[in-house]
Every structure is written in structure tokens, then in C-alpha cells.
Amino acid sequence: YIVRQGSFIIVNPKQLHSASAKIGRPIIYESLKFKYETLLSSEFDTMTHEFIYPLITGERYLPNIILSSMPIYSMFTSMFYQISETFEDTDSFKYLLLKSYVIHLVYLFFKNRYVYKKNITSNRKSSVELIKNSVVYINTHYKEDIDLDFMSINLETSKPHLCRVFKRHTNQTLTEYMNAFRIGMACELLSSTSNSISEISFEVGYSNLSYFNARFKKKTFLTPRQYRETYKKR
């Protein structure tokens, strides 16, 4: 996975991992390490059976990446730094609080549906289902900064497999489809609203106005302004 500053990486149990900088500079990061086993109780209970054991055995797992565009990001960030600050505390009772924070962290993932279930019978969805789910995902999240790594995790497949299947069956890449859909939505907004071009650019998922203008002209052979003047609904 390629990650940006401010992103979080989650390493699940028994998951091989390493990290390196692509730009030749030292990596500066903060990490927290804990075992799910510390959350187990001596007596059998519902929490252990339904939530903790599946995470230990690998039947369920957390996403490997937490991006700033994800709804859980702010809650996760807050809890991460609460745990980090508490760990630095000299209070001898801090471990009681730390355990409650870790449980709260697990709760956030289950509550917000960011805990995935391992598919025992088949780790790959059928091509048709995968393409349908990809289209639905993009059509739903086009306003956001869509990351293909996270998208593939969400669809329970690998990024190379997802890109390969989508290209083979649609004759276009996921990025090409994403841009085409965003430009289509921009066309609708340009013709039906009086919003500024920069506002529309942001509304359909482009944070860079120049890039939006270039993509728009490549697709429609018109600038956004020319398109609005030509197709503005009266």
C-alpha cells in the first residue's frame, strides 16, 4: 500500500509486514502495539465469543489502512492519541484505562462496520459481482478522495485483481471510469445550477481546479464555461 502523511496502518495478527520510504527520506511514525488476548476474560462471555476470538483467529479482521477521507478517521485519531498519551503517563493505574481504550477502539470498528469477515469458501467474488460492486462504490463515493487500495479492501479483494477484472470486462480502467462518472455529474451541475466552476469541481471530487478543467475538456472537448454556455437549462 502507498500511504500519505496522516494515514494510519493497521497490522492484523499474523500479518507479515514491512515499510520503506519511496522518496529516500527517513520515515517518522508513531506506533502502538497490543494483543487481543489481553482483552480476554477468565470467564466465557458474549464479548469474547462474538468479537475478540474472531479477531485473534483471523476469522474477522480490521482494514489495513485508515485514510482521512474515511468517516471513522477522526474517531480513530482521537482514540489513538488518547492511548498514546495515557501510555506516557506515570500513573500506576494507567493500564486499567489503556485496556478500556483498546476495547473502545475495537467497539468503534464494529459499530461503524469496519470489521471484515474472511471468506472461507472463496476469497474472490465472481467477476460480474465484483464489477457491479465497484461501480456502486464509485457512484456512491465519487465526491470523496477514492483510494483504490482501500476500495479493494472494502470489496474484499486485492487491488491487482480488482483492476485486472474491471479492465478486462469494461475495456476501461477504474480511474477512467471514475473520471468519466465525475465529469458526467459535473455536466449535470453546470447545466442545472448556478454554482461556480470551482464549487462544482470540489463537489464532484476534484480538489485541483486545473486538473478538473483538463479532464473536463478531454472528455467533452469543451471547457466547463463553454459547456455551461452551450447547455445551460433555461
Side-chain angles (χ1 to χ4, degrees), residues 1-15 17 19 27-41 45-91 93-119 133-134 136-159 162 178 202-207:
Y1 304 103
I2 298 176
V3 296
R4 306 178 183 89
Q5 180 179 349
S7 301
F8 288 92
I9 296 293
I10 297 177
V11 181
N12 290 284
K14 300 179 182 179
Q15 189 171 44
H17 58 282
I27 302 174
I28 300 174
Y29 65 94
E30 185 173 359
S31 65
L32 297 173
K33 182 179 180 180
F34 66 90
K35 294 183 177 181
Y36 288 125
E37 284 82 355
T38 61
L39 305 181
L40 298 177
S41 59
D45 59 29
T46 301
M47 182 189 79
T48 296
H49 177 70
E50 292 188 12
F51 305 113
I52 306 304
Y53 266 127
L55 291 171
I56 294 174
T57 62
E59 180 184 346
R60 292 183 179 274
Y61 59 95
L62 305 184
N64 286 124
I65 302 177
I66 302 295
L67 302 171
S68 59
S69 58
M70 295 166 60
I72 198 175
Y73 181 83
S74 60
M75 294 180 285
F76 181 87
T77 302
S78 175
M79 189 55 59
F80 179 90
Y81 285 111
Q82 284 188 59
I83 293 173
S84 181
E85 290 171 6
T86 302
F87 189 79
E88 296 297 329
D89 199 338
T90 57
D91 188 343
F93 304 111
K94 68 181 181 181
Y95 293 103
L96 292 172
L97 188 56
L98 283 170
K99 186 172 182 177
S100 71
Y101 282 158
V102 173
I103 292 174
H104 192 170
L105 196 60
V106 174
Y107 158 79
L108 288 176
F109 282 102
F110 275 100
K111 175 70 174 179
N112 293 279
R113 302 180 184 277
Y114 280 102
V115 178
Y116 306 115
K117 187 174 182 180
K118 185 176 181 180
N119 191 335
N133 290 343
S134 300
V136 169
Y137 185 92
I138 292 173
N139 292 4
T140 303
H141 297 276
Y142 72 94
K143 295 182 180 181
E144 305 167 11
D145 181 16
I146 296 178
D147 181 275
L148 295 184
D149 286 310
F150 176 69
M151 179 178 168
S152 62
I153 293 172
N154 194 276
L155 298 178
E156 299 182 327
T157 187
S158 69
K159 179 181 174 181
L162 174 63
M178 192 188 312
F202 182 82
E203 176 70 14
V204 299
Y206 292 100
S207 57

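Values below: every heavy atom of this structure, side chains too, minus hydrogens, waters and symmetry copies.
Distance check: S7 OG to M70 CE gives 10.0 Å after rounding to the nearest 0.5 Å. With rounding to the nearest 0.5 angstrom, the CZ atom of F34 is 11.0 Å from the CG atom of L98.
No donor-acceptor distance shorter than 3.5 angstrom exists from the side chain of S84 to the backbone of F80, with no hydrogens or angles considered. A distance-only check finds a donor-acceptor pair linking the side chain of K94 to the backbone of F87 [under 3.5 Å]. Put simply, the side chain of D149 never gets that close to the backbone of K159: no donor and acceptor are under 3.5 Å apart.
Ring planes of Y114 and F109: perpendicular class, angle over 60° (limits at 30 and 60°).
In this structure the side chain of L62 reaches within 4.5 angstrom of the side chain of L55, judged on heavy atoms. S134 places a side-chain heavy atom less than 4.5 Å from the side chain of L155. For the pair I10 and I65, the minimum side-chain heavy-atom distance is 4.5 Å or more.
Under the rule for a salt bridge (charged side-chain N to carboxylate O under 4.0 Å, His left out), E144 has no partner lying at least two apart in sequence or in another chain. For the side chain to side chain contact (heavy atoms under 4.5 Å, CB included) test, residues two or more places apart in sequence or in another chain that qualify with E37 are K35, L40, I56.
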- Task: Please step through side-chain contact (heavy atoms from CB on, under 4.5 Å) for the pair L105 and F76, ending with a clear verdict.
- Result: CA-CA 7 Å; L105 196 60; F76 181 87; 3.7 Å; yes

- Message: Quick one, V102 with Y36, criterion side-chain contact (heavy atoms from CB on, under 4.5 Å). Give me CA distance, side-chain angles, the key distance, then yes/no.
- Response: CA-CA 9 Å; V102 173; Y36 288 125; 5.8 Å; no

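Residue-environment remark: CD (Q5) stays at or below the threshold of 12 foreign heavy atoms within 6.0 Å. For F51, the CZ atom counts as densely surrounded, since its 6.0 Å shell holds more than 12 non-hydrogen atoms of other residues, nucleotides or ligands.
Annotation for T77 and F8: closest pair OG1-CE1, 3.4 Å, computed over non-hydrogen atoms.
Contacts classified as side-chain hydrogen bond (donor to acceptor under 3.5 Å, both in side chains) and involving residues 99-113 (residues at least two apart or in different chains) are given here: Q82-Y101.
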